[in-house]
Student: 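My structure is below; once you've seen it, I'll send some questions.
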Amino acid sequence: MISTKKHIQQLAAILNEKGVNDIIISPGSRNGPLIHTLVGCKKFNCRNIVDERSAAYFAIGLSQSVQKPVVLVCSSGTATLNYTPAIAEAFYLNIPLIVITADRPDYWINQGESQCIPQKNIYADFTKMEVSLPLGETEKELWQGERLCNESINAAISNTPGPIHINIPLDEPLHDLVDEKLPTIKSIEIAETKAKLSEKEIQKLSATVSKSQKILVLAGQQNPDKNMELVLADWANKSGAVVLKEHLSNLNHTNFCGSIDTFMASLLNNNIENFKPDLLISFGGQFVSKALKQFLRLNSPNEHWHLSLSKQHFDTYQSLTKVIPCEALSFFSQLESATQKEKTYQNTWKEKETQVNTLQDDFIKEADFSDLSVYNQIKSHLPKDSVV
C-alpha cells in the first residue's frame with residue numbers, strides 16, 4: 001500500500017530508478033504520505049531514527065560508507081530545522097544528502113497553524129539546489145514535479161557532490177492509501193564527463209613544476225581512493241613533492257607526511273625557509289590544522305593551484321593563483337610525465353617528521369598517567385584497518 005499523493009509516488013519512482021536505496025526517516029504526521037510510500041513500496045532500505053539531528057548525522061556517515069546519496073525524510077515545521085547542522089557539514093564535506101521535508105500548504109504560513117514555518121529555501125546557504133513541489137496534481141503540475149525531482153537529485157551527485165532539498169507541501173487527507181505499484185516515470189540523466197587539461201595547459205603547468213624546487217601538496221578531506229593514492233605517490237616520487245595529509249584525507253602511503261601539528265610546533269624561525277614551498281597544490285576538503293594555515297599564510301608560495309571540479313575559489317592560505325577544474329586523479333595522471341627530480345625538499349620534511357615523531361614517542365613513554373597516555377594505549381590496540 002502506498003499514498004494516493006501522486007507527487008510522492010513520482011518521487012519514490014525516480015529515487016528507485018536512480019538507484020538511491022537508503023532512506024532515513026524521522027516519524028511525524030505531515031510526512032505520513034512519504035512514510036507510507038517509501039516503506040510500503042518495499043523498494044528501499046528504510047531506517048527509523050526519531051531525532052532529526054541524529055538522523056542527519058547518521059545519514060552523513062552512511063553516505064560516506066556506501067559512497068552513494070542517502071535520503072532524509074522528516075515532518076514539517078521545526079523538525080526541518082533540526083537537520084541544519086548536519087546539512088551544513090555535508091555541504092562542506094561534499095556529501096550528497098537528499099533532504100525531503102513535508103510541508104503544509106502555503107496558505108497556512110503565518111496563520112497560527114501548528115508546526116507551520118516558511119520552509120522554502122530554508123537551507124539555501126548549505127545546499128546545491130532547493131525545490132518546492134506543486135501542491136496540485138494536474139498534468140502540468142505533475143510534469144513540473146517530475147522535472148524538479150530529476151534536476152535536484154542529479155545536482156546532488158553531479159560535479160562536486162552535495163546536499164539538495166526537496167520540500168513537499170501536503171494537504172489533508174494525509175493517510176489515504178492505494179494498493180498500486182509505483183508509477184512509470186521519466187528519469188532524466190546527466191551524461192558522465194571527465195575534465196581533461198588541454199595540451200597547452202599541461203605544458204604550462206609542467207614547466208612550472210619543473211622549475212619549482214619546493215613543491216607542497218595538501219590533500220584535504222576526502223573519501224578513500226587507493227588508485228588516486230598510488231598515482232599521487234608516484235607523482236610525488238618523480239617531482240620530489242611533499243604530500244601533507246591529515247587522517248581525514250584517508251591517505252595512508254608511508255611517503256606522505258601526517259604529523260602536521262607536531263611538525264609545525266617544532267619549526268624555528270631560523271630554518272623556516274627550508275620548508276617554505278615555491279608551489280602549493282591543494283585538493284579535497286578543508287584542513288583542520290590551524291598551525292598549518294598560519295604557517296602558509298606567513299610563508300606564501302609563489303603559486304598556489306587549487307584542484308576543484310566545480311571551480312571553487314578556496315583561498316584559505318591567501319595565495320591562490322590558479323583554479324584547475326579537474327579531479328586530483330586526472331590532474332596527477334596527466335602530469336605524470338614530470339621528469340625525475342632531486343628529493344632535497346621531500347627529504348627535509350621526512351627527516352624532520354621522523355625527528356619530531358621520535359621525540360613525541362619518547363615523551364609519551366615517560367609521561368604520567370593522562371589523556372595523552374590513555375589515547376596512546378588505545379591507539380596501540382586498534383586492529384589493523386579499523387575505522388574510528
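Residue indices begin at 1 and follow the sequence shown. Just so it is clear, the model here is predicted, and its values are computed rather than measured.
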Student: Determine, using ring centers only, whether Phe263 and Phe275 are less than 6.0 Å apart.
Tutor: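 Yes, they do, as the ring centres are separated by less than 6.0 Å.
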
Student: With sequence neighbours left out, which residue pairs that include part of residues 5-21 fulfil the salt bridge (charged side-chain N to carboxylate O under 4.0 Å, His left out) condition?
Tutor: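 Every candidate salt bridge (charged side-chain N to carboxylate O under 4.0 Å, His left out) pair involving residues 5-21 fails, so no pair, neighbours aside, qualifies.
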
Student: Applying salt bridge (charged side-chain N to carboxylate O under 4.0 Å, His left out), which residue pairs with at least one partner in residues 32-45 are found, sequence neighbours left out?
Tutor: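 Salt bridge (charged side-chain N to carboxylate O under 4.0 Å, His left out) check on residues 32-45 returns no pairs.
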
Student: Linking Ile, Leu, Val, Met, Phe, Trp and Tyr through side-chain heavy atoms less than 4.5 Å apart, which residues share a cluster with Trp143?
Tutor: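 Joined to Trp143, directly or through intermediates: none.
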
Student: Would you please name every residue forming a side chain to side chain contact (heavy atoms under 4.5 Å, CB included) with Leu148, sequence neighbours left out?
Tutor: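 Per chain and number, Leu148 pairs via side chain to side chain contact (heavy atoms under 4.5 Å, CB included) with Val131, Leu133, Gln144.
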
Student: Step by step, work out the salt bridge (Lys or Arg N to Asp or Glu O under 4.0 Å) result for Asp234 and Lys238.
Tutor: CA-CA 6 Å; Asp234 181 63; Lys238 291 178 180 177; 3.5 Å; yes

Student: Is Ile281 close to Glu303 at the side-chain level, that is, under 4.5 Å between some pair of heavy atoms?
Tutor: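 No, too far: nothing below the 4.5 Å cut-off.
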
Student: Could you tell me which residues satisfy side-chain hydrogen bond (donor to acceptor under 3.5 Å, both in side chains) with Glu201, sequence neighbours excluded, listed by chain and number?
Tutor: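 Result, side-chain hydrogen bond (donor to acceptor under 3.5 Å, both in side chains) vs Glu201: Lys322.
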
Student: Taking only distance into account, with no hydrogens and no angle test, what donor-acceptor pairs under 3.5 Å do side-chain atoms of residues 211-220 form with protein atoms, sequence neighbours excluded?
Tutor:
unit_1: Ser212; atom_1: OG; unit_2: Thr208; atom_2: O; d: 2.6
unit_1: Lys214; atom_1: NZ; unit_2: Glu273; atom_2: O; d: 2.8
unit_1: Lys214; atom_1: NZ; unit_2: Lys276; atom_2: O; d: 3.2

Student: Donor-acceptor pairs under 3.5 Å, side chain of residues 54-61 to any protein atom, not counting sequence neighbours: which ones?
Tutor:
unit_1: Ser54; atom_1: OG; unit_2: Asp51; atom_2: OD2; d: 2.8

Student: Side chains of Cys46 and Val39, heavy atoms from C-beta outward: is any pair under 4.5 Å?
Tutor: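 A side-chain contact under 4.5 Å exists here.
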
Student: Using side chain to side chain contact (heavy atoms under 4.5 Å, CB included) as the criterion, list what pairs up with Thr254, not counting sequence neighbours.
Tutor: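 Once residues adjacent in sequence are excluded, Thr254 has no partner under the side chain to side chain contact (heavy atoms under 4.5 Å, CB included) criterion.
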
Student: Any chance you could pull the hydrophobic cluster mates of Ile364, using side-chain heavy atoms under 4.5 angstrom and chaining through other members?
Tutor: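 Its cluster partners, ordered by chain and number, are Phe363, Leu372.
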
Student: To the nearest 0.5 Å, what is the distance between OH on Tyr92 and CD on Gln286?
Tutor: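 One finds 8.5 Å between OH of Tyr92 and CD of Gln286.
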
Student: May I ask you to list the residues sharing a hydrophobic cluster with Val288, side-chain cutoff 4.5 Å, ordered by chain and number?
Tutor: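 Noted: Val288 shares its cluster with Leu248.
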
Student: Assert yes or no for the condition that the ring centre distance of His175 to His36 is strictly below 6.0 Å.
Tutor: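 Between His36 and His175, which both carry aromatic rings, the centre distance is below 6.0 Å.
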
Student: Which pairs, with at least one residue in residues 145-159 and sequence neighbours excluded, count as a salt bridge (charged side-chain N to carboxylate O under 4.0 Å, His left out)?
Tutor: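 Qualifying pairs, neighbours excluded: Arg147-Glu151.
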
Student: The criterion is side-chain hydrogen bond (donor to acceptor under 3.5 Å, both in side chains); which residues satisfy it with Ser3, sequence neighbours excluded?
Tutor: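 side-chain hydrogen bond (donor to acceptor under 3.5 Å, both in side chains) check on Ser3 returns nothing, list empty.
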
Student: In terms of relative ring orientation, are His304 and His306 parallel, tilted or perpendicular, with 30° and 60° separating the classes?
Tutor: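 It falls in the perpendicular class, over 60°.
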
